[in-house]
Novice: 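Sharing a structure, written as structure tokens. Questions coming.
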There are 2 protein chains.
Amino acid sequence: MVVEHDLTEDDVDRIFHALADRTRRDVLGRAIGREQSVSALARQYDMSFAAVQKHVAVLERAGLVVKEPRGREQIVHANGPTITQAVALLDQYEQLWIDRANQIATILHTEKE
Amino acid sequence: MVVEHDLTEDDVDRIFHALADRTRRDVLGRAIGREQSVSALARQYDMSFAAVQKHVAVLERAGLVVKEPRGREQIVHANGPTITQAVALLDQYEQLWIDRANQIATILHTEKE
DNA sequence: CTAACCTACAACCATATGGTTGTAGAACAC
DNA sequence: GTGTTCTACAACCATATGGTTGTAGGTTAG
């Protein structure tokens with residue numbers, strides 16, 4: 001299995017910030033469904049091309065998406081590994097929570113004896 | 001199993017925005033590890049009490065944390081279910097990605113025949 | 001070649017964000 | 001009662017964010 005390189009706190013900031021906007025989440029979803037150009041994406045939103053271009057740039061800086069030049073177009077691909085890393089991050093918090101809940105349950109159980 | 005009520009897009013915005021700041025992620029981690037007052041949390045950071053108070057408020061609006069009044073203190077508890085919902089959200093994107101990757105693999109396999 | 005298309009990027013604007021200090025009230029300690 | 005602690009909240013400031021329009025360059029179509 002390939003070792004994923006560790007994310008810096010800045011990386012994590014960028015990932016969650018990128019996901020904290022509904023337009024960007026929608027762009028990511030569409031990019032996962034079908035790779036498409038920035039202008040093809042832009043046509044699907046009620047905002048300027050430049051605005052969508054900026055959203056794509058935010059997703060790109062977060063590593064959630066990759067742009068591949070194709071002639072005059074830039075094809076936007078979703079970047080699976082980063083999504084997986086984001087899931088792993090949240091899983092850590094959930095696991096902390098579960099561990100803590102178990103710990104408390106154990107203490108309660110001990111005190112009952 | 002209890003039905004988790006659906007998150008609005010605003011809810012999701014708030015959750016990811018709350019997670020997009022390292023101080024808030026750290027506060028959440030500490031709150032998971034041990035429930036503590038806002039001032040106890042504030043003492044652990046090199047910023048004003050008011051600043052930490054605002055970060056806790058952001059986590060609270062996102063539902064990641066709950067404040068319980070205890071005398072003159074407000075005890076900050078982590079809220080597990082919201083963390084679980086956040087994981088589920090990201091899992092959806094990851095699953096979309098996996099489904100898409102499988103679909104592409106299938107097409108490639110078909111074309112090879 | 002010329003026109004249309006796709007992208008990049010700058011400039012600008014309103015609002016949000018993350019920090020500060022200061023004021024004020026409620027609860028506890030003595 | 002008095003002073004200290006904990007919290008809430010307002011006001012303020014610098015910067016970031018999400019949107020706009022406009023300009024300019026590279027690519028494709030006719």
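Lettering of chains follows the sequences in order, A, B, ..., and the numbering in each one begins at 1.
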Novice: Taking side chain to side chain contact (heavy atoms under 4.5 Å, CB included) as the test, write out the residues that go with A:Asp10, two or more places apart.
Specialist: A:Thr8, A:Asp13, A:Arg14, B:Arg22
Novice: By salt bridge (charged side-chain N to carboxylate O under 4.0 Å, His left out), which residues pair with A:Glu94, not counting sequence neighbours?
Specialist: none
Novice: Without placing hydrogens or testing angles, list every side-chain donor-acceptor pair under 3.5 Å for residues 42-52 of chain B, not counting sequence neighbours.
Specialist:
| residue | atom | partner | partner atom | Å |
| --- | --- | --- | --- | --- |
| B:Gln44 | OE1 | B:Arg30 | NE | 3.2 |
| B:Gln44 | OE1 | B:Arg30 | NH1 | 2.7 |
| B:Gln44 | NE2 | B:Gln36 | OE1 | 3.2 |
| B:Tyr45 | OH | B:Asp26 | OD2 | 2.5 |
| B:Tyr45 | OH | B:Val27 | N | 3.3 |
| B:Tyr45 | OH | B:Arg30 | NE | 3.1 |
| B:Ser48 | OG | B:Ala51 | N | 3.1 |

Novice: Between A:Lys67 and C:dA8, is there a contact of a side-chain N or O with OP1 or OP2 at under 4.0 Å?
Specialist: yes
Novice: Using whole Å, what does the distance between atom C1' of nucleotide C:dT7 and atom CD of A:Glu60 come to?
Specialist: 12 Å
Novice: Can you tell me how far C1' of D:dT17 sits from CG of B:Asp13, to the nearest Å?
Specialist: 13 Å
Novice: Output one letter per nucleotide in nucleotides 25-30 of chain C: B when a protein non-hydrogen atom lies under 4.0 Å from the base, S when only the sugar-phosphate is that close, - when neither is.
Specialist: --BS--
Novice: Roughly how many Å is it from CG in A:Leu19 to P in D:dG18, rounded to a whole number?
Specialist: 12 Å
Novice: Return the residues of residues 24-47 of chain B meeting this criterion: a heavy atom under 4.0 Å from some atom of DNA chain D. Order them by number, or give none.
Specialist: B:Ser37, B:Val38, B:Ser39, B:Arg43
Novice: With sequence neighbours left out, what residues match A:Asp21 under salt bridge (charged side-chain N to carboxylate O under 4.0 Å, His left out)?
Specialist: none
Novice: Does any part of the side chain of A:Val76, heavy atoms only, come nearer than 4.5 Å to the side chain of A:Glu35, both counted from C-beta?
Specialist: no
Novice: Nearest 0.5 Å please: distance from the CG atom of A:Asn102 over to the NE2 atom of A:His109.
Specialist: 13.0 Å
Novice: Specify the residues of residues 48-57 of chain B, ordered by number, for which at least one heavy atom lies under 4.0 angstrom from an atom of DNA chain C.
Specialist: B:Ser48, B:Ala50, B:Ala51, B:Lys54, B:His55
Novice: Check residues 53-65 of chain A and write down every donor-acceptor pair under 3.5 Å in which the side-chain atom is one partner and the other belongs to a residue at least two apart or another chain.
Specialist:
| residue | atom | partner | partner atom | Å |
| --- | --- | --- | --- | --- |
| A:His55 | ND1 | A:Arg24 | NH1 | 3.2 |

Novice: Using five pairs at either end of the helix from C:dC1-D:dG30 to C:dC30-D:dG1, determine the angle between the two local helix axes and round it to 10 degrees.
Specialist: 30°
Novice: Does A:Ile75 form a side-chain contact (heavy atoms from CB on, under 4.5 Å) with A:Val66? I'd like the steps, not just the answer.
Specialist: CA-CA 8 Å; A:Ile75 306 301; A:Val66 172; over 6 Å; no
Novice: Pairs in or reaching into residues 65-75 of chain A: which pass side-chain hydrogen bond (donor to acceptor under 3.5 Å, both in side chains), with residues at least two apart or in two chains?
Specialist: A:Glu68-A:His77
Novice: Without decimals, in angstroms, what is the distance between A:Ile75 CD1 and D:dT27 P?
Specialist: 14 Å
Novice: Rounded to the nearest Å, what distance is computed from the NE2 atom of residue A:His17 to the P atom of nucleotide D:dA16?
Specialist: 12 Å
Novice: Using atom CD of A:Gln74 as one end and atom P of D:dT28 as the other, report the distance to the nearest whole Å.
Specialist: 12 Å
Novice: Go through the structure and list residues passing side-chain hydrogen bond (donor to acceptor under 3.5 Å, both in side chains) with B:Gln95, not counting sequence neighbours.
Specialist: B:Asp99
Novice: Rounded off to whole Å, could you give me the CZ-to-P distance for the A:Arg61 and D:dA16 pair?
Specialist: 12 Å
Novice: Looking only at heavy atoms, what is the nearest atom pair of B:Phe16 and A:Leu19, with distance?
Specialist: CD1-O, 3.4 Å
Novice: Applying side-chain hydrogen bond (donor to acceptor under 3.5 Å, both in side chains), name anything that partners B:Thr23, two or more places apart in sequence or on another chain.
Specialist: none
Novice: So, do B:Asn79 and B:Ile83 sit near enough that their side-chain heavy atoms are less than 4.5 Å apart?
Specialist: no
